[in-house]
Amino acid sequence: MMSTSARLLQLLSLLQARKDWPGSDLAERLRVSPRTVRRDVERLRELGYPIDAVMGTGGGYRLGVGAALPPLLLDDDEAVAVAVGLRTAAQGGVSGIEETSVRALAKLLQVLPSRLRRRVDAVGTFTVPMPSEGPTVNAQNLALVAAACRDSEILRFDYENHEGSPSRRIVEPHRLVSYGRRWYLLAWDTGREDWRTFRVDRMRPLTPTGPRVAPREPPEQGVRAYLSERMNLHMWPIKARVRLGMPAQEALEGPPAHYGSIEAVDDHSCVLLCAGGDLVTMACHLAMLDVELWVEEPRELREEMTRLGERLTRSGGTGRETGP
């Protein structure tokens, strides 16, 4: 049997890990009776933790919103992860939180045990941040979208696509995805009646959010695979079909898999389905693949590959003296 203090700490940790907890689930996790759970909840309330009762079959509990932020319980790995995340946030990527990230990091480092502080300091000491250009996401917008995903609330926003065309969208948000310096929202678009992805830096959310809806099942292939397919193929204006002189399994295990999707043809060849924003860039990327290839479509990409080959031949100095 755990002591009362140890049980209270574990109960608090459970309440912080999930939004709603049925009382019976808490009792099972703590290996105590529902009556003991009720007494422990009252003890936490006396200590200043705002714990709300949740109505429903069997009842439940939720860590509510208080006048002040109560202490958080973090294990060693969680504390290090938070500290490293704050260091990263202080270097940019999400606008408006750099200064507050530094302040929060200073508070966290002050109370970290020395063994954990050394791990965090090592990351900061031996990491050299390289500033990069690119879009930044408004911290308030990011938090609002994340909350809408968490609470399964309808989200309305004005959106500008990659061509600069504005539209107003009403979606059922599902997940936020961080990809490099960019943030994407995967959501069910109620107007298109299909899954769509949106760049968060191009969104201007409208408040209030809501009402709540039942969470949908994610795309069959999963969030990561769906986003990867969208970013490799559907989000670009130029689509291409390229025959590769290698087996599909070899292509899937090598660089071609990073260019798009692979389809098997026979034992010696496969097809790469890829996309891009302009013909010159696509031709250059395909030329870097160390494999025999043939562009099946579009014709314009074949012509650009021919021009690229001619330029490279001329650049090699064929028929021309080089040197001083």
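For clarity, every value in this text was computed on a predicted model and none was experimentally measured.
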Please list, chain by chain and in numerical order, all residues satisfying side chain to side chain donor-acceptor pair (under 3.5 Å) with R192, sequence neighbours excluded. none
Just so I know, are the side chains of L186 and P219 near enough to count as touching, which here means a heavy-atom distance under 4.5 Å? yes
Run the numbers on R115 and D76 for salt bridge (charged side-chain N to carboxylate O under 4.0 Å, His left out), then give the verdict. CA-CA 10 Å; R115 68 181 189 282; D76 287 0; 2.9 Å; yes
So, R307 and E310, do they make that salt bridge, N to O below 4.0 Å? no
4.5 Å side-chain heavy-atom contact, V171 and R196: no
Same cluster (ILVMFWY, side-chain, under 4.5 Å), L206 and I154: no
For D266, is the CG atom crowded, meaning more than 12 foreign heavy atoms sit under 6.0 Å from it? yes
Under a 3.5 Å threshold, yes or no: a donor from one side chain and an acceptor from the other, between T36 and R38? no
Flag yes if I170 and W188 sit in one hydrophobic cluster, no otherwise; membership is Ile, Leu, Val, Met, Phe, Trp, Tyr, and two members link when side-chain heavy atoms are under 4.5 Å apart. no
Same apolar cluster (I L V M F W Y, side chains within < 4.5 Å links), L289/W294: no
Hey, does E296 have a side-chain heavy atom less than 4.5 Å from the side chain of V242? no
Do L293 and M305 make a side-chain contact, defined as non-hydrogen atoms from C-beta onward lying under 4.5 Å apart? yes
Suppose we screen for ring-ring contact (aromatic ring centres under 6.0 Å, His included). Which residues come up paired with W21, at least two apart in sequence or across chains? none
Before giving the answer on salt bridge (charged side-chain N to carboxylate O under 4.0 Å, His left out), spell out for R62 and D52 the whole-Å C-alpha distance, their side-chain angles and the decisive distance to 0.1 Å. CA-CA 5 Å; R62 172 189 303 161; D52 301 329; 5.5 Å; no
Does Q140, at its CD atom, have more than 12 non-hydrogen atoms belonging to other residues, nucleotides or ligands within less than 6.0 Å? no
Answer with yes or no whether the hydrophobic clustering places V32 together with L15; edges join I, L, V, M, F, W, Y residues whose side-chain heavy atoms lie under 4.5 Å apart. yes
What about V280 and M288, same hydrophobic cluster or not, with Ile/Leu/Val/Met/Phe/Trp/Tyr joined at side-chain heavy-atom distances under 4.5 Å? no
Just checking E28: does its CD atom have more than 12 heavy atoms from other residues, nucleotides or ligands closer to it than 6.0 angstrom? no
So that I know where these two stand, are F198 and Y159 an aromatic pair - ring centroids less than 6.0 Å apart? yes
Under the rule for side chain to side chain donor-acceptor pair (under 3.5 Å), what residues qualify as partners of D25, not counting sequence neighbours? none
For the pair D151 (side chain) and E153 (backbone), establish whether a donor and an acceptor sit closer than 3.5 Å, ignoring hydrogens and angles. no
Would you check if E263 and R241 make a side-chain contact, meaning some heavy-atom pair closer than 4.5 Å? yes
